[in-house]
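What you see below is based on every heavy atom in this structure, not just the backbone, and it leaves out hydrogens, waters and symmetry mates. Convention: sequence-line order gives letters A, B, ...; per-chain numbering from 1.
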Amino acid sequence: MSGNHARPTGFFQPEPLSFEYPPGGEPGAKLRALDVPEVEPAQAMPGAALRSDGLRTLPQLSEFEVIRHFTRLSKLNVSIDAAMYPLGSCTMKYNPRLNEVVARLPGLTEAHPLMPDALVQGSLEILWRLTELLKEITGFPAGSLQPAAGAQGELTGVLMIRARQEAKGERRRYMLVPDSAHGTNPASAHIAGFEVREVKSLPDGTVDLAHLAEAMDADVAGLMLTNPNTLGIFERGIRQIADIVHAKGGYLYCDGANMNAVVGISRPGDYGMDVMHLNLHKTFSTPHGGGGPGAGPCFCTAELAPHLPVPRVVKEDGGEGARFRLDWDAPQSIGKLSTFNGNAGILVRALSYILAMGGDGLHEMSEVAVLNANYLRHRLADVLHVSTEAPTLHEVVFSDHGLADHGGITTLDLAKRLIDYGFHPPTTYFPLTVHGALMVEPTESEPRAELDRFVDAIHAILAEADRDPELVKTAPHLAPLRRLDETRAARQPVLRWTPQGSPPAK
Amino acid sequence: MSGNHARPTGFFQPEPLSFEYPPGGEPGAKLRALDVPEVEPAQAMPGAALRSDGLRTLPQLSEFEVIRHFTRLSKLNVSIDAAMYPLGSCTMKYNPRLNEVVARLPGLTEAHPLMPDALVQGSLEILWRLTELLKEITGFPAGSLQPAAGAQGELTGVLMIRARQEAKGERRRYMLVPDSAHGTNPASAHIAGFEVREVKSLPDGTVDLAHLAEAMDADVAGLMLTNPNTLGIFERGIRQIADIVHAKGGYLYCDGANMNAVVGISRPGDYGMDVMHLNLHKTFSTPHGGGGPGAGPCFCTAELAPHLPVPRVVKEDGGEGARFRLDWDAPQSIGKLSTFNGNAGILVRALSYILAMGGDGLHEMSEVAVLNANYLRHRLADVLHVSTEAPTLHEVVFSDHGLADHGGITTLDLAKRLIDYGFHPPTTYFPLTVHGALMVEPTESEPRAELDRFVDAIHAILAEADRDPELVKTAPHLAPLRRLDETRAARQPVLRWTPQGSPPAK
Amino acid sequence: MRFIPNNEPARKAMLAEMGLPDIEALFAGVPSEVRLQRPLQVPPGMAEEEQLQLFSQLAARNEAQQVVSFLGAGSYPHYAPLVIDSLIQRAEFFTAYTPYQPEISQGTLQAIFEFQTFMTHLTGLDIANASVYDGASATAEAVLMADRLARGRSRVLLTQALHPHYRRVVDTHTHYLDVQRDTVPADPATGRMDVAALERLLDEDVACVVVQQPNVYGVIEDLAAIAAPVKRAGALLIVTVSEALSLALLEAPGALGADIVCGEAQSFGVPVAYGGPYLGFMATRDEHKRQLPGRIAGETVDADGQRGYVLTLATREQHIRRERATSNICTNENLVMLSALIYLTTLGRAGLLQVARQNVSLLAYLRERIAALPGYAAAFSGPSFNELAVRCPRPAAEVVQGCLRRGVLPGLDLGRWDAGRADTLLLAVTETKTRAHLDALVNALREVAA
Amino acid sequence: MRFIPNNEPARKAMLAEMGLPDIEALFAGVPSEVRLQRPLQVPPGMAEEEQLQLFSQLAARNEAQQVVSFLGAGSYPHYAPLVIDSLIQRAEFFTAYTPYQPEISQGTLQAIFEFQTFMTHLTGLDIANASVYDGASATAEAVLMADRLARGRSRVLLTQALHPHYRRVVDTHTHYLDVQRDTVPADPATGRMDVAALERLLDEDVACVVVQQPNVYGVIEDLAAIAAPVKRAGALLIVTVSEALSLALLEAPGALGADIVCGEAQSFGVPVAYGGPYLGFMATRDEHKRQLPGRIAGETVDADGQRGYVLTLATREQHIRRERATSNICTNENLVMLSALIYLTTLGRAGLLQVARQNVSLLAYLRERIAALPGYAAAFSGPSFNELAVRCPRPAAEVVQGCLRRGVLPGLDLGRWDAGRADTLLLAVTETKTRAHLDALVNALREVAA
Ligand SMILES: Cc1ncc(COP(=O)(O)O)c(C=O)c1O
Ligand SMILES: Cc1ncc(COP(=O)(O)O)c(C=O)c1O
């Protein structure tokens with residue numbers, strides 16, 4: 001029995017890397033036979049340097065091994081379909097199956113992005129319809145669907161602010177970003193060539209207007225504001241904020257990642273924002289895919305509209321022939337962000353979602369998202385410390401105040417133990433302004449029973465921590481793996497498989 | 001914390017019955033609005049007794065709850081995609097995705113079974129092509145695709161034997177069935193109105209020719225033989241068996257459930273069988289679906305062909321118009337087995353499989369199925385008792401001889417502990433002729449590494465049993481549930497949910 | 001071959017470990033005289049892309065999608081929410097075997113238990129199985145079951161208004177048994193069972209009476225009126241249902257006296273798909289549970305006392321009882337059962353009522369329009385759910401051909417089944433149809449009559 | 001709304017438990033002056049069936065499927081085995097978030113690690129990330145990365161034969177940075193980079209040189225010849241690839257001196273889908289790993305010493321480093337990465353070689369046929385993989401229109417990008433084409449010229 005590697009791992013089967021499979025035979029896919037003469041690459045591509053390794057080092061699996069390999073991998077993941085996935089700021093909601101079906105219609109997937117407009121009227125109409133609906137939802141008169149994710153939407157918006165100011169002959173140096181903002185905000189401002197200045201939050205989590213007024217000067221391009229903010233609070237002083245920024249010639253960027261709280265309730269375009277992005281993979285239900293693809297469309301005021309990326313989808317009324325076309329004629333545009341038309345397939349899904357929800361459904365969505373979050377806040381307030389007294393909307397952030405009283409556990413421990421109770425943990429240690437933050441966003445997709453199960457799990461874990469803190473500190477125990485050594489991974493990076501095993505640390 | 005039902009169940013979330021969900025609101029599906037006047041049922045159906053309960057007792061879930069409910073349920077199951085599923089006699093092989101895709105083509109799924117032949121030429125051609133290919137594979141000149149599973153194929157074949165004999169003016173009373181046969185064989189014979197006589201097996205697992213010769217008399221309609229038999233042995237004396245049966249005016253029914261061993265190697269139609277069924281859900285890869293749907297086409301000699309079920313698919317050569325049609329004109333037919341054309345969607349998948357495999361691929365399939373089974377036999381022969389000295393083909397049956405030496409464990413214990421090692425257990429306690437049978441059929445789909453992992457698991461379990469027999473006797477420990485009380489289920493049957501909880505035992 | 005992981009080198013290594021020269025050596029047990037001495041004449045394996053093309057062409061050769069079809073008659077197109085197909089494609093559902101190992105099959109088992117519960121509610125009976133092959137075979141199984149329950153009685157009465165395919169399948173299954181089959185006529189005016197004739201046919205030797213609800217002409221039977229004499233004669237009442245959606249609105253047959261309710265559940269979101277796979281269902285009274293064929297799941301507990309489900313009453317089944325089993329069925333239609341269960345769960349109480357009411361309203365609209373068409377008339381006066389027999393001014397076969405030229409398949413020419421009804425068309429209307437479809441049908445009928 | 005589980009009664013009960021009169025009370029924090037005072041003007045929710053119909057109509061308004069298209073230019077139709085779509089539809093893959101909790105995300109993490117390994121092998125470099133948005137943004141990120149690595153150097157040289165959309169995206173990203181962008185011309189005869197011109201443009205201030213391989217005209221560059229002067233000048237060589245399949249046959253750019261290899265991996269089984277979602281890739285040398293943007297997984301062990309994977313080098317990322325991050329990217333293209341990984345795994349060594357060789361043979365066939373066509377000629381003499389620039393006897397725009405009338409979209413009219421190339425057509429041939437397709441193209445070109 002030497003070499004017996006059998007371990008009782010239950011429903012999880014150990015799975016090697018594909019590169020560790022034994023050398024293979026036929027490919028896992030059978031190609032149609034070539035019906036033109038086969039030409040040797042060296043002959044067909046004279047003067048081209050050809051690979052010397054014949055791809056020797058790549059794996060070769062049968063079709064079924066591919067299915068099994070990735071099925072086993074999939075089983076090591078959790079999913080929103082199986083349980084609440086209350087990652088704050090991520091809006092993990094149900095991904096309707098209808099959207100997956102329509103996005104896969106061959107007429108859409110086989111449309112090449114460079115086809116003449118006349119051949120892709122359906123795709124163009126989808127983009128146009130979605131733009132119109134999002135204009136109504138955000139309250140802005142113009143927008144672009146090109147950005148591939150929220151961060152690219154931010155970059156787009158910030159570049160537009162920059163372009164606008166340069167068009168006015170200004171070159172401002174700073175961008176203001178609140179300390180509670182998501183990391184993409186300062187990073188986007190930085191790529192747009194700004195230096196970032198942090199704006200402090202008040203103890204209740206909202207922007208400190210006095211500090212803002214002080215910080216906002218003629219060398220400041222504007223303020224990037226998340227509203228509702230990352231604590232789930234609607235900036236009560238949003239009108240004043242806008243006035244302060246505008247008074248100094250600045251522009252207000254709205255990070256719309258938290259739009260799920262306020263669709264049909266309040267529109268950034270109505271209250272002084274100048275430009276914003278939406279995360280369609282949050283508010284509009286396109287699947288997160290383990291980290292994308294997403295879409296981060298950017299919407300703006302008429303003043304900023306000339307700076308939107310190219311091309312833009314235009315509807316031509318009347319006349320025959322093509323009714324929709326891509327318009328490249330925009331001399332003030334910041335240019336292009338993505339190779340073609342953005343993540344078109346994601347945009348199809350978002351349109352499908354909005355059409356399914358309807359105006360009433362979208363409003364209901366935000367209402368129930370806010371109800372669910374506040375229900376959790378209410379039910380957990382006696383055992384966890386709510387980070388703000390202010391009313392919160394679609395998410396609630398707890399701090400770790402008092403948590404250590406339970407056997408010395410930390411936010412991380414609580415989060416990891418939730419895994420054993422069948423939940424993906426909430427977002428932890430963000431926003432940075434809350435100590436040991438545990439940021440919970442249930443979304444409207446969770447039924448009350450699941451919220452109650454979560455509350456029960458928190459209660460049970462705190463009781464466990466009182467009784468047996470090690471149990472919680474060493475959690476998870478029921479996942480495929482126990483806690484992973486992230487420090488080792490960062491200190492001695494092994495970033496690809498090699499036949500010799502791990503390459504030496506550098 | 002009273003009423004806290006939280007339990008750490010890891011990747012498995014406890015899931016109530018849908019009937020236990022709180023009373024619901026809207027349906028989980030939205031219908032298109034009616035565009036004709038709504039009529040009250042009582043008015044539209046005068047004189048009809050309408051339901052008095054308004055379906056009050058049925059559950060009502062949102063779309064997402066449906067997804068979550070069934071996703072959670074799915075996670076309580078294992079799948080062939082995740083690990084070897086070596087159920088002997090069940091031929092658990094890879095279910096190619098291509099087959100799932102073609103079977104769902106709208107042109108096929110939207111064809112109504114009563115459409116005029118001219119409108120369903122594609123479906124008819126599929127049935128015709130599959131019939132032709134299966135004729136070549138079985139070596140018979142005729143067949144019907146109508147039977148919905150193996151057992152229905154058996155009934156079809158046995159009824160055809162009966163019809164043939166009655167056409168000859170005979171009414172025979174008995175059907176012979178070996179003691180090692182699958183339970184469906186005697187059950188099918190019984191429904192066809194036969195009394196079943198058991199034929200004994202020799203110690204090596206094959207038919208006892210002497211006993212057969214004795215049992216076969218003029219009141220015996222024939223013999224139902226599984227070949228290769230349920231021990232995986234090819235009946236070496238098949239020619240003599242046929243001669244014995246035919247000499248007395250009997251017919252030989254072939255249970256083709258084990259065809260996976262011999263495709264391209266040996267054809268029942270070539271060696272004296274008169275009629276047989278195939279299990280397309282075994283040999284030809286259509287998915288088992290947790291217990292169907294399958295398909296059990298029946299193939300036969302020219303002599304028996306007039307008795308095949310109606311309708312039959314006929315190809316008309318030459319002429320214009322419909323090329324394929326359903327032919328109902330068969331006065332000697334045993335009639336119909338299924339409402340329409342059998343499990344057409346399963347037949348599409350089987351055709352797709354055969355076309356993908358090709359003649360060579362099918363032969364390779366049987367070769368590797370036999371290789372894999374013999375590899376397991378070879379590697380396990382030192383720790384488990386192989387039930388026969390004879391050469392075996394696609395499966396190997398171990399007896400429990402010597403198993404109890406390992407801490408007194410039984411076949412059941414070994415099987416249940418395999419669950420903890422990530423395997424679906426093999427078939428147990430079948431065939432009945434082998435004491436404590438463990439029937440292992442890996443199929444050609446398993447890579448060597450998985451076979452080795454299985455061998456390692458058996459070794460590990462036996463070692464565990466030596467060390468700590470309770471561990472094995474109380475397995476599984478890593479499944480969503482521990483061993484279930486089947487006796488209680490049978491003695492106090494609770495066969496549906498009721499609001500009052502379990503109805504009283506009767 | 002790409003589906004087979006063990007490639008040449010792997011096979012060689014395995015053979016070497018086994019001390020064998022080649023795979024051929026493993027086939028020593030197959031006598032050479034029964035070996036196929038040539039390669040199979042099956043064409044070489046195709047590429048996936050080629051197969052997709054081929055099957056798309058075959059599918060396109062079906063003109064099913066080009067016509068607006070009003071065919072029903074045992075197979076009904078209903079809209080199936082997309083969640084169904086998404087869920088049944090989880091490998092854990094579609095690749096699994098029959099749940100013989102309950103510890104790792106609770107998904108399938110709980111689904112079976114839920115389906116059983118749905119079917120008991122819909123049929124108004126105590127217990128239900130988790131599918132037999134289809135509606136016809138469920139009906140045949142019900143007759144066989146009644147035959148076992150009513151030992152000694154040897155007659156079976158079957159309604160004339162039974163789907164002829166169901167009848168044919170019953171005949172096939174009972175042909176060699178000691179059973180005499182008689183037919184109970186339908187009233188030519190109402191289309192309902194002639195209860196007086198039934199009473200005449202009933203006697204002490206009748207094991208069961210088989211009624212279809214709604215019957216094959218789409219007419220809703222008066223089950224209470226039928227049940228009374230059947231009970232009096234001590235026979236069992238079998239009600240078979242081919243349009244299961246009707247159960248949402250019509251009184252549960254169990255509540256009206258049926259002893260066995262069986263039939264076809266294809267209407268619960270299963271595509272018409274040229275006839276299969278569908279799923280037969282069967283429900284009965286608690287006292288008959290040991291005679292009910294097919295898979296049945298029951299509730300129990302595990303070693304820790306947690307609730308769970310197992311296949312139960314196995315002593316009915318062939319793997320235990322062999323020839324004394326209640327049926328030979330083994331593989332059934334589990335995945336189709338799951339589809340139907342997801343359909344029922346997704347629509348739920350309100351959705352089922354809504355769909356059923358839409359069907360009723362659509363047929364009512366059509367019935368009115370057709371009544372106003374010169375030459376056409378409802379063939380029977382009895383009430384109907386979503387299916388209607390229509391008497392035509394010309395042979396129904398011609399009406400079908402004429403309508404087809406107008407892109408409409410107006411239903412089934414009943415002459416295909418019964419020469420005496422060559423003037424009758426049987427049509428079904430489900431929620432997949434809009435007013436525009438109905439108007440197109442009415443127009444086509446009008447034009448064809450002219 | 002059917003996606004929202006908590007229905008009216010549930011909401012009421014929750015509010016009651018919270019002691020609130022209505023949901024409105026929860027919005028007290030939203031000042032009334034910024035509340036929308038009317039309902040959204042978004043049409044009422046549609047039924048699933050209606051939406052399927054609507055989108056099918058929209059899809060049908062695309063005439064994409066009616067023409068045989070030879071468009072490439074950054075987006076290539078390749079056959080995607082069906083296993084890909086089947087696997088990525090597992091909820092565990094497509095609904096999951098970024099794998100921040102490694103204990104319950106090993107599926108995604110191991111996939112990332114495998115993809116990284118594939119990309120290092122294909123590019124010939126040490127490390128790779130697990131996707132950025134697309135080929136253009138990967139190129140822009142590479143330039144920004146080089147800018148960080150070569151602090152103090154402020155010039156960027158970009159090949160003239162760079163996909164103009166890539167160029168435009170680079171321009172957008174670097175517009176407000178202190179970077180001067182210059183263009184290295186292509187040799188008008190060969191279509192390859194003019195190495196002499198490159199040498200002239202190179203100096204100590206050049207941070208990096210961006211070359212596309214094969215270049216936008218489909219011509220395979222002589223990377224070794226380019227790398228030499230770039231190295232000498234101490235600049236970084238960035239090679240961007242828009243047809244990733246070419247990596248299967250062409251020498252790995254890393255082996256020829258590239259410091260960063262980036263581009264578009266859409267060719268690995270991702271549908272053209274009107275431009276996205278695709279996936280950008282980036283690989284580089286080990287010593288630059290802390291400047292590589294995007295997600296990176298690394299191997300480690302868990303508390304029991306079992307091997308596992310985690311996201312690593314997080315100090316590059318915005319959630320830790322904020323404005324000092326290597327990039328602002330957060331959500332990337334993970335599921336598309338997974339598709340590409342499944343493609344690579346399914347084809348494997350032999351399959352990738354086979355597809356790539358088929359592409360080469362098909363283009364060779366076409367190149368020969370076109371060379372024989374009066375009036376047409378390859379625009380450049382340099383070697384090509386599966387894409388070819390063709391000089392036409394008439395304006396390419398007219399050729400496109402003429403061919404379209406014959407059901408063929410012969411490629412891209414390069415005049416759309418460059419008025420100076422209005423006579424040139426850029427066409428791509430992949431294994432989705434058969435000889436019949438190629439012959440149809442040649443015939444159409446012949447007829448249009450006449
Ligand atoms: C508040 C906030 N802003 C911006 C982002 C960035 O969006 P994306 O990940 O789509 O780039 C996120 C998402 O993680 C976020 O939560
Ligand atoms: C040997 C044998 N015969 C017959 C059958 C019955 O086939 P089915 O389940 O398709 O009715 C089986 C399958 O379980 C079997 O293994």
Residue part contacting chain D, namely of [X], when any heavy atom lies under 4.5 Å:
X	answer
A:H112	both
A:D81	both
A:Y375	both
A:H424	both
A:I80	both
A:R104	side chain
A:M92	side chain
A:E100	side chain
A:P476	side chain
A:P391	side chain

Test item: [X] and [Y] side chains (from C-beta on) under 4.5 Å apart, heavy atoms:
X	Y	answer
D:Q354	A:L34	no
D:P5	A:E446	no
A:S74	D:L87	no
A:H363	D:P39	no
A:L159	D:Y176	yes

Whatever's closer than 4.5 Å to a heavy atom in chain A on D:L404 counts as side chain
Does a salt bridge link [X] with [Y], judged by any charged N lying under 4.0 Å from a carboxylate O?
X	Y	result
A:E364	D:R11	yes
D:R435	A:D35	no
A:R483	D:E103	no
A:K75	D:E92	no

If you count heavy-atom pairs under 4.5 Å with chain D, which of A:E38, A:H182, A:R239, A:M45 comes out on top? A:M45
Would you say the side chains of [X] and [Y] form a donor-acceptor pair under 3.5 Å?
X	Y	result
A:E63	D:T346	no
D:T108	A:N77	yes
A:Q152	D:N328	no
A:R496	D:T117	no
D:T312	A:E486	no
D:T300	A:D485	no

What distance do D:F113 atom CZ and A:S18 atom OG have between them, rounded to the nearest 0.5 Å? 10.5 Å
Rounding to 0.5 Å, atoms CG (D:N62) and CE (A:M115) come to a distance of 8.5 Å
Which pair of heavy atoms, one from D:L313 and one from A:P493, lies closest together, and at what distance? CD2-CG, 4.1 Å
Taking the inter-plane angle between the rings of D:H121 and A:F19 on a 0 to 90° scale, is it parallel (under 30°), tilted (30 to 60°) or perpendicular (over 60°)? tilted
